[in-house]
Number of protein chains: 2
Amino acid sequence: MAQAGTVDRILDTAEVLFAQKGFAETSLRAITSKAGVNLAAVNYHFGSKESLVQAVFERFLTPFCAALDAKLDEMEASGVADTPENILGIMSRLVLGSHPEDPQRAAIFFRLSGQAYSQPQGHLREYLHQQYGAVFRRLQDHMQRAVPDVPPRELFWRVQFSLGATIFTLSGLESLKDISRNDFNMDVTEADITQRLLPFLVGGIKAPVPAV
Amino acid sequence: MAQAGTVDRILDTAEVLFAQKGFAETSLRAITSKAGVNLAAVNYHFGSKESLVQAVFERFLTPFCAALDAKLDEMEASGVADTPENILGIMSRLVLGSHPEDPQRAAIFFRLSGQAYSQPQGHLREYLHQQYGAVFRRLQDHMQRAVPDVPPRELFWRVQFSLGATIFTLSGLESLKDISRNDFNMDVTEADITQRLLPFLVGGIKAPVPAV
DNA sequence: GTATGTTTGAAACGTATGTTTTGAACGATG
DNA sequence: CATCGTTCAAAACATACGTTTCAAACATAC
């Protein structure tokens with residue numbers, strides 16, 4: 001990343017700043033000055049700030065979803081049974097291991113996702129769902145086979161709940177780290193959290209469906 | 001709310017707009033013009049925009065936490081057993097029933113909470129934790145008594161996960177409603193979600209703790 | 001009724017933002 | 001070498017923002 005092209009320098013910097021401060025709170029000047037490029041470069045290469053936001057997400061999610069697709073192929077080919085543990089394990093290993101050279105990258109990923117999801121008017125959320133909905137549905141299908149007793153529409157919501165617990169927790173990890181350090185004298189890492197998260201999610205997804 | 005004082009008109013309007021569009025994306029001019037008050041009124045009555053944000057949260061959370069405290073008193077007095085179902089039930093009834101005259105109010109509550117939590121630098125998050133941490137700890141103590149087999153530090157995270165699943169889902173309910181309508185031809189309400197959410201959270205909180 | 005403290009109204013201030021413009025520098029192509 | 005499309009740099013542009021100012025309106029107490 002030392003002397004990458006202007007476009008990549010912008011994306012690298014924007015990614016970090018967006019995750020740190022949010023979209024609206026990050027000015028193009030902050031990005032370009034930190035990236036060492038001219039202010040006009042953003043509008044020249046991306047057209048607008050909003051397009052830059054989308055570009056940041058695409059650069060993140062496209063390889064991630066491709067890797068997830070590959071892992072699911074692999075899983076189907078190897079004939080491993082669909083269980084919540086397996087499916088969620090694939091996801092967590094993918095997130096935590098996708099950039100081993102840069103452990104902070106996973107944190108950025110979640111903070112960005114949290115930003116996108118909490119973005120109120122939600123145009124980014126819809127864009128992501130439309131762009132990457134296929135992988136999401138595939139994941140959901142596998143999960144359905146893992147817990148056939150849970151009705152599909154019930155499972156849809158449980159997957160959403162899982163997404164929420166994950167993104168929400170890991171996107172606000174900085175504050176939570178402090179709290180847990182104060183209240184429990186306990187230092188935690190992303191890997192610790194996911195290790196604790198998995199049983200929670202499995203328990204929730206497998207929970208008995210209450211009679212209507 | 002027809003002819004309330006300036007302060008309340010500002011709070012009412014800011015609350016809705018903050019929930020709809022976020023803090024940074026909502027200008028004081030948007031608030032004051034929609035509220036029918038002068039632009040300077042915000043700085044006059046609240047000092048700054050940031051103080052207005054805090055005031056909006058205080059008006060929301062102070063009565064809510066007081067009500068929650070009262071419900072917990074009531075629960076302790078009546079000698080009802082501490083179970084995850086009971087504790088979460090109290091919370092959900094409190095949220096959904098706190099403003100029966102205005103059902104949208106619960107949605108606003110969650111969207112605001114989501115905004116506060118996903119606020120990157122998290123100064124609001126810390127403020128809320130510091131301001132209302134006591135009630136939170138009390139809730140956590142009850143939950144601990146409900147699931148004594150879960151170690152406290154493990155439970156801390158499970159409560160966070162639960163918070164995440166709840167706030168995340170209900171704060172982005174608009175988009176999710178559309179998706180669920182398209183994919184499942186299913187209309188949902190806040191009450192539907194909480195009804196589905198409770199078993200999920202209970203399952204997660206009661207999940208077996210994996211051996212280290 | 002006058003005086004005092006509080007609230008409102010309209011306008012302006014200073015600043016930061018996203019975007020556009022204009023030309024120069026560069027690199028490949030003919 | 002000239003030319004053309006691409007990239008970069010500096011400056012300016014227009015606008016929107018939070019905040020401040022100051023006088024008018026208002027209410028309240030003496």
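Protein chains get the first letters and strands the later ones, always in sequence-line order, with residue 1 at the start of each.
- Between B:Leu28 atom CG and C:dC13 atom P there is a gap of 20 Å when expressed in whole angstrom units.
- Aromatic ring centres of B:Phe200 and A:Phe161 lie closer together than 6.0 Å.
- Of all nucleotides listed (D:dA10, C:dG9, D:dA12), C:dG9 comes nearest to the side chain of B:Asn38.
- If you check C:dT17, C:dT7, C:dG9 against the side chain of B:Ala40, the one that comes closest is C:dG9.
- Salt bridge present: A:Arg59 and A:Asp12 bring a charged side-chain N and a carboxylate O closer than 4.0 Å.
- Side chain of A:Asn43, nearest nucleotide from C:dT20, C:dT8, D:dC17: C:dT20.
- Look at OH on B:Tyr44: it is 7 Å from P on C:dT6, rounded to the nearest Å.
- One atom, CZ of A:Phe23, and another, P of C:dG18, lie 14 Å apart when rounded to the nearest Å.
- Note: CG (A:Leu39) to C1' (D:dC8) measures 12 Å, nearest angstrom.
- Closest approach to the A:Lys49 side chain among C:dG18, D:dT19, C:dT8 is made by C:dG18 (side chain taken as heavy atoms from C-beta onward).
- Nucleotide D:dC22: paired with C:dG9 (Watson-Crick or G-U wobble, both distances less than 3.5 Å).
- Of the side-chain N and O atoms in A:Ser27, one or more sit less than 4.0 angstrom from OP1 or OP2 of C:dT17.
- Remark: B:Thr166 OG1 to B:Leu201 CG distance equals 4.5 Å, nearest 0.5 Å.
- Under 4.0 angstrom from either OP1 or OP2 of C:dT8 there lies at least one side-chain N or O belonging to B:His45.
- In summary, of the residues considered (B:Leu28, B:Asn43, B:Thr26), a side chain to side chain contact (heavy atoms under 4.5 Å, CB included) with B:Leu52 occurs for B:Leu28 alone.
- Across D:dT19, C:dG9, C:dT8, the shortest atom-to-atom separation from the side chain of B:Thr6 is found for C:dT8.
- Residue contacts for A:Thr32: at a heavy-atom cut-off of 4.0 Å it reaches no nucleic acid atom on any strand shown.
- Sequence order on DNA chain D of the closest nucleotides to A:Arg29 and A:Val37 puts A:Val37 first from the 5' end.
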Would B:Phe109 and B:Phe64 count as a ring-ring contact (aromatic ring centres under 6.0 Å, His included) if you check the C-alpha gap in whole Å, the side-chain angles of each, and the deciding distance to 0.1 Å?
-> CA-CA 10 Å; B:Phe109 176 87; B:Phe64 176 79; 5.2 Å; yes
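- For the pair B:Ile31 CD1 and D:dA16 P, the computed distance is 17 Å after rounding to whole Å.
- In this structure, the CZ atom of B:Phe46 is 13 Å from the P atom of D:dT19, given to the nearest Å.
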